[in-house]
Amino acid sequence: MNTKLVIANWKMNPQTLREAKRIAGGIKTVASKNRKTQVIVCPSFLHLITLSSVGHKPISYGAQNVFCEKDGSHTGETSLSMLKDAGVSHIILGHSERRAKGETSEDVQKKISLVLKEKLIPILCIGEAERDMEGEYLSVIKNEIKDALKDVSQANVKKIVIAYEPVWAIGKTGEEAITGRDLHEMTLYIRKVLSDLYNQRTAFSVPVLYGGSVTGNNAKDIFSEGEVQGFLVGRASLDAKEFGKIISIVNKA
Ligand code: 13P
């Protein structure tokens, strides 16, 4: 597990293709100077096709979702083959913002199998809504992992990226992000769950990322203490300079 990953989740931003191209160009410049870190940008579907045809190497492109059926009459949906054809390598699945809109564990499970079958890389998002004193949040994490990986073999789980994104830390200020220490506890727990499902060796071969109010200011502490392989970044990834700071911190560490 040598690769470090920094992934941009642009969500429903920016509002114009022109702006998307400008940000991607800026990210490409930083990514070119930080080659030990794989940089993946996940724009909206509409911008994805143009951006990935422009290229921006060494950036790779990812999608923020995919439909759970391979093909058929599904108005408004996008298939995996379309995304593959558009040059996508990674697909974010089970983001809390999608789960909040009704995406179920079964949907996530189906999508993971589909993505793995087509040899693309699923980025499985997990994360509790809140932290309680009783430690119930740990069962939330365990169940999300178990449900999503229900049909995933030991050989295939190594191809997945897990992004731990506690809902309470998403879209907040940099000070409200998780502490490195709390993140370390969580990454250990995630690996324990994976270890129980598969084995220890396998558990340590799955990259675990953190997402939730990562900025150029907090990335260093979170990364050095958290035992993660990188970040899934929302807001800060829309500013090439700020995102560039995060990329170089991860690359240097
Ligand atoms: P923010 O970095 O804006 O908190 O978003 C995190 C996230 O949801 C990435 O998927």
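Remember, it's 1-based here, ligands and their atoms both numbered in the order they're listed. Keep in mind that this is a model prediction, so the values were computed, not measured. As a basis for the values below, the full set of heavy atoms in this structure was taken, side chains included, without hydrogen atoms, waters or symmetry mates.
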Using a distance-only test with no angle check, is there a side-chain donor-acceptor pair under 3.5 angstrom linking Ser248 and Asn251?
-> no

Would you say the side-chain atoms of Thr37 and Asn34 include a donor-acceptor pair closer than 3.5 Å?
-> no

protein heavy-atom neighbour closest to atom 3 (O) of ligand 1 works out as Arg235 N, 2.9 Å

Do ligand 1 and Lys172 have nitrogen or oxygen atoms that lie under 3.5 Å from each other?
-> no

Name of the residue among Lys4, His90, Gln229 meeting side chain to side chain contact (heavy atoms under 4.5 Å, CB included) with Gln38 = His90

Relative to the heavy atoms of Gly212, which atoms of ligand 1 are at a distance of less than 4.0 Å?
-> 4 (O), 6 (C)

Could you find the nearest protein heavy atom to atom 9 (C) of ligand 1 and give me its residue, atom name and distance?
-> Glu165 OE2, 2.8 Å

Subset of ligand 1 atoms that lie under 4.0 Å from at least one heavy atom of Leu232 | 9 (C), 10 (O)

Quick one: sort the Phe67 and His74 rings into parallel, tilted or perpendicular, breaks at 30° and 60°.
-> tilted

Hey, does Ala236 sit under 4.0 Å from ligand 1 if you only count heavy atoms?
-> no

Partner set under ring-ring contact (aromatic ring centres under 6.0 Å, His included) for Tyr198, not counting sequence neighbours | none

Taking atom 5 (O) of ligand 1 as the reference point, the nearest protein heavy atom with its distance = Lys11 NZ, 3.2 Å

Quick one: does Val233 get an N or O within less than 3.5 Å of an N or O on ligand 1?
-> no

Any side-chain heavy-atom pair of Phe223 and Ile246 under 4.5 Å = no

Please list, one pair per line, the donor and acceptor atoms closer than 3.5 Å that link side chains of residues 113-122 to other protein atoms, with sequence neighbours excluded.
unit_1 : atom_1 : unit_2 : atom_2 : d
Ser113 : OG     : Gln109 : O      : 3.3
Glu118 : OE1    : Lys84  : NZ     : 3.2
Glu118 : OE2    : Lys70  : NZ     : 3.2

Checking heavy atoms under 4.0 Å, the part of Ile170 that sits near ligand 1 is both

The atoms of ligand 1 lying under 4.0 Å from a heavy atom of His95, numbered in the order shown, are 7 (C), 8 (O), 9 (C), 10 (O)

Name the one of Glu165, Glu103, Lys101 that satisfies side-chain hydrogen bond (donor to acceptor under 3.5 Å, both in side chains) with His95?
-> Glu165

Residue and atom name of the nearest protein heavy atom (relative to atom 2 (O) of ligand 1), distance in Å to one decimal = Gly234 N, 2.9 Å

